[in-house]
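Here is the structure we will look at, set down as structure tokens.
One-based numbering, in listed order, for ligands and for the atoms of each. Please read all numbers here as calculations on a predicted model, not as lab measurements.
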Amino acid sequence: MISQVFSHIEDNKEKYLDELKKLVKQPSISTKNQGITECAKMIQKLMKETGITTKLIPTSGHPIIYGELITSESAPTIIFYGHYDVQPPEPYELWHTEPFEPEVKNQRLYGRGVGDNKGQLLTHILAVRSYLETKGQLPVNVKFVFEGEEEIGSPHIAQFVKENKNLLKGDLVYISDGPLAPGDAPVVSLGNRGILSVQLSIKTANRDNHSGNRGGVIPNAAWELVTVLNSLKNEKNKVLIPEFYKDVIKPGSAELDLIQRLPFDSQKTAEAFYVDESDLEKENFYKKLTLEPVLNINGIVSGYTGEGTKTIIPCQASAKLDMRLVPDQDPEHIFHRLSEWVKKINPRTQVEMQGRYMYPSRTSPKLSAIQHITKSVEQVHNTKPLVYPSTGGSLPTYVWTKILNLPAVTVPYANSDEANHAPNENLKLDLFYKGIKTSCQVLDNLSLLKNH
Ligand SMILES: [Zn+2]
């Protein structure tokens, strides 16, 4: 009975909280390369004490902690992914506690990384520990991938996964990161939109010119950029880049059903989005936000924008754009089509990719593993979770679904006001323990998985 494991968790609350405090006390700021190895070693020690075999796998950046506990060749294998690096704590003056001196106040633990992601990562290890200490054996096999570069964009996770396909054989990837929905409603998320960021630039002269003395006889970079931008999308928001929609998979009835069930309050949403309610897409809100691609202009720069007038013809103009992509759109393919298209509209246009792109990812809600997980969350929270077929934002979940070809599911454990990346990051203790229980319940329920 899982209830024995749950009472074991109840009996060990103080001990488990101490483990979390120790972990938060150890800085592990990836962007400054501060405390990374020390933190990784600390987590490895915890895993070893639990009975998990572990090794540190180097990448060209920070190392990845790999762990496994194989119970039986015939049992399903769950891969837990998390990250042990944290965001820098600055600005210090806005913290009410020391970021690396974890402190409990009002039933919450405060400290950098407590929710993002150390507390959530730890729940999986402690779930395994509680299960083993109560029952002596896990009902499934578990593997762990804890990376040290999530907060700097996971630059090496895709390569790591490609190089370790054998090591990462399993049935499902389980991720706990991010917050619950407002009011701490439990959430299960089955995908992410991908992202491709580009910069378009146009240069028409070596310097700005007088708009009177030269206006009408030379090209204007700002107008040329506007024309190029205008060629990318029509007034109905349809993207005009050739083949942009070619690989889009239409959401199935299962996905659309899930969306129908999500709560939507247009007034509250408009408030949260800082827009007038009349400007909010109400009809297809979740569909447009999560299951359809979008092309955004992030910024435009050209000419003079200061006070008063400056009568010039700007010689250059540039815009930054991002595209949020859905399965099976291919960012690389779209980048090439976009480059050809804008060159055709205006051969002067320079196109540059910005940063790394991410593929979109989506796991089918129809899989029995997903139903087992949804059930697990419901059993612990005593309420049905909100199941999102995808979220609008971009995370590298594609490394699991596209490279490993496995289902991937995100079940966040932190409170909706965890203040991740911000001062006074905190984790509600109740949700920390619920997280441990949820992971236990997941281990238990997934043991029923057939045909894995
Ligand atoms: Zn983060």
Side-chain angles (χ1 to χ4, degrees), residues 20 23-36 39-40 42-43 59 61-65 80-92 94-95 97 99-100 102 108-125 144-158 160 173-182 184 187-189 191-195 197 322 324 355-356 358 361 388 390-400 408-428 431-432 435:
L20 178 55
L23 216 51
V24 175
K25 218 173 147 70
Q26 171 61 54
S28 51
I29 308 170
S30 43
T31 195
K32 297 186 192 169
N33 194 7
Q34 188 187 328
I36 287 289
C39 185
M42 206 174 224
I43 293 171
T59 70
H62 303 321
I64 284 171
I65 307 171
F80 288 100
Y81 161 84
H83 66 92
Y84 64 90
D85 62 323
V86 302
Q87 287 278 328
E90 289 87 346
Y92 283 100
L94 294 184
W95 282 81
T97 61
F100 296 109
R108 297 168 188 242
L109 185 66
Y110 285 81
R112 171 54 84 228
V114 64
D116 183 12
N117 179 242
K118 287 174 173 170
Q120 304 204 48
L121 162 162
L122 185 60
T123 59
H124 308 316
I125 302 174
F144 299 89
V145 176
F146 296 145
E147 71 156 308
E149 295 185 303
E150 197 272 348
E151 299 295 6
I152 49 172
S154 301
H156 300 104
I157 192 75
F160 166 80
V173 177
Y174 188 92
I175 304 153
S176 295
D177 201 0
L180 304 182
D184 290 339
V187 166
V188 171
S189 166
N192 294 99
R193 288 198 286 192
I195 184 168
S197 297
D322 76 36
R324 300 295 173 146
R356 274 178 306 275
M358 280 185 202
S361 163
Y388 292 87
S390 174
T391 50
S394 305
L395 286 171
T397 26
Y398 76 89
V399 303
W400 318 114
V409 56
T410 303
V411 182
Y413 289 167
N415 30 294
S416 56
D417 57 353
E418 64 167 324
N420 45 342
H421 297 206
N424 305 310
E425 181 175 352
N426 67 90
L427 180 62
K428 284 187 181 169
L431 291 176
F432 173 56

Original post:
Can you tell me how far the OG1 atom of T123 sits from the CG atom of L427, to the nearest 0.5 Å?
Top reply: 9.0 Å

Subject >> Test side-chain hydrogen bond (donor to acceptor under 3.5 Å, both in side chains) applied to Y81 - qualifying residues, sequence neighbours left out >> reply: E147

Subject >> With sequence neighbours excluded, residues passing side chain to side chain contact (heavy atoms under 4.5 Å, CB included) with Q87 >> reply: R112, E151, H421

**OP:** Sort by chain and number the protein N/O/S atoms that are closer than 2.8 Å to the Zn ion (ligand 1), and list them.
**Re:** D116 OD2, E151 OE1, E151 OE2, H421 NE2

Subject >> F146, F144, Y174 screened by ring-ring contact (aromatic ring centres under 6.0 Å, His included) with H124, the one that passes >> reply: Y174

Original post:
Between N192 and T391, do the side chains contain an N or O donor and an N or O acceptor separated by less than 3.5 Å?
Top reply: yes

Subject >> All side-chain hydrogen bond (donor to acceptor under 3.5 Å, both in side chains) counterparts of Q34, not counting sequence neighbours >> reply: none

